[in-house]
Each structure stands twice: as C-alpha cells, then as structure tokens.
Amino acid sequence: MDHKNKYMKILNELKKYKKKDYDFSNGHILGSMCTQPHEISKDIYLKFLETNLGDPELFPGTKEIEEKLIKFYLKLLNAPKGATGLIGSGGTESNINAIWLAKNLSAKKEIIIPKSAHFSFRKIESLMDIKLNIIKLNKEYNMDISNIKKYINNNTAAIVGIAGSSELGTIDPIPQLSDICLDENIFLHVDAAFGGFVIPFLKQLNYKVPDFDFNLKGVSSISIDSHKMGCSAIPLGAILFREKEWLNKISVKTHYISGNIQAGILGTRSGGPVASAYAVSKYFGLEGYKKIVKKCMDNTEYFIEKIRNLGLNLLTKPTMNVIGIKLKNPKELANRLDELGWRVNIMDRYSSIRIVMMPHINKKTIDEFIAIFKKVCEDKGEIK
Ligand SMILES: *Cc1c(COP(=O)(O)O)cnc(C)c1O
C-alpha cells in the first residue's frame, strides 16, 4: 500500500472515533471549563509542533516566547519584580508544583484547603504524603475562615484559597487569608486555574469581587489556566511564584540535556501550546478578554433568569460564569440530556448540575437548551 492509501485508511479509522465525541462548535457542551480554542491557536500550535521546551537550548526562540507568556501572566496578576512562573499542562500540575514548593520551603507536610478545593489536592495528598486539613464552607459556599487558627499548627506548610472554584465559581476570602499567612509566616497558594482569566476583568466591569492576586502581600503563588477562560489550546496552565529563587527548591540537576537544571514536574514538553497561548493573549489583549468575560457574564444573567422562571433554584448566586442548579435527581436529568445530545455536569454532593457559561455558548443556544431542559424537567418531575 502506498503512503496516501495508508494514510487515508488510518484517517478514516480515526474519524469514526472522532465522530463519537462532543465538540464545542454547536454549543452543546454546557459543562466544561474548556472551550473551542481560538482559530489562530490551531495554526500556531502546528507551527511549533516539534519544539521541546524541556531542552531549551535547542529552541531558544520558543523559550523566549515562553518567557513573554509568563510576563503576560505576571502583569495580569500584579506580580512584583522578582516574581517568576512555570508553564505546564494545567491546574493540576500547577497545584502539585505549588504544594511541592511549599513543602520544600517549610519542611512541613500539612496543608489547609477548603472543601471546595479541586480534586487535584487528593492527588497531592497521595503523591507527596501530604495531610489535608479540610475547612468547611459558609452559606455562600466560600471557605469558612472563622475558625481557621484551629487548623494551623507547627506542621502547616501552606494554606490554599480558591479564586473561582471548579464547582460554583466562588471566591474564597483571599485578602483575609493573605493577612493570616503574613502573620503566621505560611505559604499561601491561590488556585485561580479558572478564575485567573475572569476575576481581573470582573473587577474592571464593576462586579464586586475580592482581591486575589499578588497585590496582596501574603499571596505566594497563583495557578492560572490558558486552556480554560484564556481560550487557548489544551494543554496550558501556569503557576506563578512571588520569588524567583523559590524555583531552586523544585529543581533538579540534568546530566545530559541543556539548561543544567530543570524546574517543576515535566521533562519533554511541547512548545506548541505555549506559542499558541502567547498568540491568543496577543490577539485578544486585555481588552479582548474583558469583552469575552462580559459576554459570558451577560449570558450567565440571561440564563439564570430563565432557570428561575422555570421555578428552579440556584445553589448560590453566581460569582462568575459558573452556575449550580438544584435538582431532586441531577443524575437522571443529566443522563436524559446526554441522550438528547446536551452535556451538563452532575454535582452529586450538592444534588445539582453545573453549567459553565463558556465563550462558545451564545443566547440562541441557551434558548434552544432551555426549551429542551424545560421538557426534560417536566418529564422527570423536577418542575410542574
Ligand atoms: C480546572 C481546575 C483545576 C485543574 O486544572 P486542569 O487544567 O484540569 O489540570 C484546578 N483547580 C481549579 C480551581 C480548576 O478549576
């Protein structure tokens, strides 16, 4: 078989599988924190396909792009001089890097997290033998810090605050956590994997949201994902650190590849997502991202009005474009929606479903969805 025939055969096989997938283009994915990557990110990704940032002396140009991307995040998050960052695969890796650092800086092995923390902290618990002290949430589903001092002890390596929780988009009281961490000399990691590309613009759009970034002196590190609200291609997340020197604490010597030392978890890693995230950040700029956040928030308002009109309740008033809808039997409802080609998330522990109002969703799709959702809710006895 010649090359062309072989290729067509493989392609046809793969297409069969691809057809089974959901895709973002019709707006039917309502429960993902990712979105359709911007058009230019696809072209750029391919151009950098063979670059390897694990071996930076081979690709010094791509390495420069990475440094520029880190600068973009640092500026967005009001980082002081001397701050730095690491690019990786997403929020999970960023959280691992942050706690790895906090553990090595302090030689301690307990962390304090809210109940709303991302499940990646369970991986951290298991990987690094870290003890998780989990703090309950208040009525607004934020970390209840009224008794936090009880959780702090001689073994506390870090406190984690969530700025845009995965389930509900809630923001923990980061300014208060910052004060506590300054007082107690504890590492404060802010998980803004989702919220990092939302909260700065909510502020500019006059929404009332707490401070969460490096302007707060107690904030030690922040995670932010470009492959979520940054609208870039998967995989791309970053962790930013207040002090450049801290990187040494999560670095190892390399014996044969360039650079002599390597920080963080990954070894070989593609420059494709890095170049494409940088391109998208240049393309949109801060004004572009503000517009995206405004659109998502307007659609969130539009959507929750319709949900309330159906007689359903929200778990809490959305802080950002993440919505939790209370239901009697979320699983049954979500499964029925799936059969009809619409995808929402089930949040068992809150007896609800999650909708994330990402940029690929528009008002027309919302109208389409609401009509179907109403019918399904009636069939399943959720509404009369
Ligand atoms: C999505 C998310 C993560 C995990 O990020 P991945 O990119 O899926 O690894 C961590 N924390 C928060 C708050 C998130 O929303």
Side-chain angles (χ1 to χ4, degrees), residues 29-35 37 41 69 73 77 85-100 102 111-127 130 132 134-135 137 141-143 158-174 177 188-200 202 209-210 212-213 219 221-240 264-266 269-270 273-274 276-277 280 293 296 318-324 345 347 349-350 354-359:
I29 301 179
L30 297 174
S32 175
M33 294 196 133
C34 293
T35 190
S41 78
L69 180 61
Y73 296 128
L77 300 171
L86 271 181
I87 305 267
S89 62
T92 300
E93 188 187 333
S94 295
N95 287 341
I96 294 172
N97 276 327
I99 302 307
W100 183 15
I111 63 172
I112 297 170
I113 63 170
K115 194 182 159 208
S116 53
H118 187 262
F119 54 81
S120 48
F121 289 96
R122 290 289 179 194
K123 300 182 184 178
I124 287 167
E125 175 185 36
S126 166
L127 274 170
I130 293 279
L132 305 180
I134 301 172
I135 295 201
L137 307 180
Y141 295 88
N142 295 320
M143 188 178 199
I159 297 179
V160 177
I162 317 297
S165 63
S166 314
E167 283 165 307
L168 287 166
T170 46
I171 308 174
D172 289 329
I174 312 291
L177 290 177
L188 174 57
H189 173 57
V190 175
D191 184 356
F194 185 80
F197 270 100
V198 183
I199 304 165
L202 285 179
V209 283
F212 78 108
D213 65 20
V219 171
S221 62
I222 305 179
S223 358
I224 179 170
D225 278 0
S226 269
H227 65 208
K228 291 180 177 169
M229 283 294 282
C231 302
S232 186
I234 298 170
L236 202 291
I239 173 84
L240 292 318
I265 291 171
L266 292 186
R269 91 196 139 83
S270 173
V274 175
S276 74
V280 175
V293 169
C296 293
T319 311
M320 50 184 78
N321 48 330
V322 186
I323 304 151
N345 290 122
M347 296 194 290
R349 65 175 177 180
Y350 297 138
R354 180 188 79 164
I355 305 284
V356 192
M357 203 48 76
M358 293 301 286

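Order of listing sets the numbers, starting from 1, for every ligand and every atom in it. Just so it is clear, the model here is predicted, and its values are computed rather than measured.
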**Message:** Under the criterion side-chain hydrogen bond (donor to acceptor under 3.5 Å, both in side chains), I'd like the reasoning laid out for Thr170 against Thr319: C-alpha separation, chi angles, the key distance, then a yes or no.
**Reply:** CA-CA 6 Å; Thr170 46; Thr319 311; 6.0 Å; no
**Prompt:** Considering distance alone, does some N or O of His227 sit under 3.5 Å from an N or O of ligand 1?
**Reply:** yes
**Request:** Specify whether Tyr141 and Tyr350 have parallel, tilted or perpendicular ring planes, treating 30° as the upper limit for parallel and 60° as the lower limit for perpendicular.
**Result:** perpendicular
**Request:** Just let me know how Glu93 lines up against ligand 1, side chain, backbone, both or neither, with a heavy-atom cut-off below 4.0 Å.
**Result:** neither
**Side chain, backbone, both or neither: the part of Asp225 lying under 4.0 Å from ligand 1 by heavy atom** = side chain
**Item:** Distance from atom 8 (O) of ligand 1 to nearest protein heavy atom, with residue and atom
**Value:** Thr92 OG1, 4.2 Å
**Prompt:** Numbering the atoms of ligand 1 from 1, which are under 4.0 Å from a heavy atom of Asn95?
**Reply:** 10 (C), 11 (N)
**Request:** Please lay out, stage by stage, how His189 and Ser223 fare under the test side-chain hydrogen bond (donor to acceptor under 3.5 Å, both in side chains).
**Result:** CA-CA 8 Å; His189 173 57; Ser223 358; 3.1 Å; yes
**Message:** Suppose I only count heavy atoms of Gly90 and a 4.0 Å limit; which atoms of ligand 1 are within that range?
**Reply:** 7 (O), 9 (O)
**Request:** Run the numbers on Leu177 and Phe212 for side chain to side chain contact (heavy atoms under 4.5 Å, CB included), then give the verdict.
**Result:** CA-CA 10 Å; Leu177 290 177; Phe212 78 108; over 6 Å; no
**Prompt:** Of the listed options (Val356, Asp191, Val160, Ile224), which comes nearest to atom 11 (N) of ligand 1 when hydrogens are ignored and any heavy atom counts?
**Reply:** Asp191
**Request:** Show which atoms of ligand 1 fall inside a sub-4.0 Å distance from at least one heavy-atom site of Gly91.
**Result:** 4 (C), 5 (O), 6 (P), 7 (O), 9 (O)
**Item:** Atoms of ligand 1, numbered as shown, that sit under 4.0 Å from any heavy atom of Phe194
**Value:** 15 (O)
**Message:** Within the structure provided, determine whether Ile113 and Glu125 are in side-chain contact (heavy-atom separation under 4.5 Å).
**Reply:** no
**Request:** Could you tell me whether the side chain of Ile112 reaches within less than 4.5 Å of the side chain of Met143, counting heavy atoms only?
**Result:** yes
**Asked** Counting distance only, does the side-chain N/O of Arg354 pair as donor-acceptor with the main-chain N or O of Ser166 below 3.5 Å?
**Response** yes
**Request:** Quick one: pull up CZ in Phe197 and SG in Cys296 and give me the separation to the nearest 0.5 Å.
**Result:** 13.0 Å
**Message:** Distance under 4.0 Å to a non-hydrogen atom of Gly164: what atoms of ligand 1 satisfy this?
**Reply:** 13 (C)
**Complete:** In this structure, atom 14 (C) of ligand 1 is nearest to the protein heavy atom Lys228 NZ, 2.9 Å
**Prompt:** Is Ser89 in polar range of ligand 1, meaning some N or O pair under 3.5 Å apart?
**Reply:** no
**Complete:** Rounded to the nearest 0.5 angstrom, the CD1-CG distance for Ile174 and Leu188 is 6.5 Å
**Asked** Which of these, Lys123, His118, Met33, Glu167, has its nearest heavy atom closest to atom 4 (C) of ligand 1?
**Response** His118
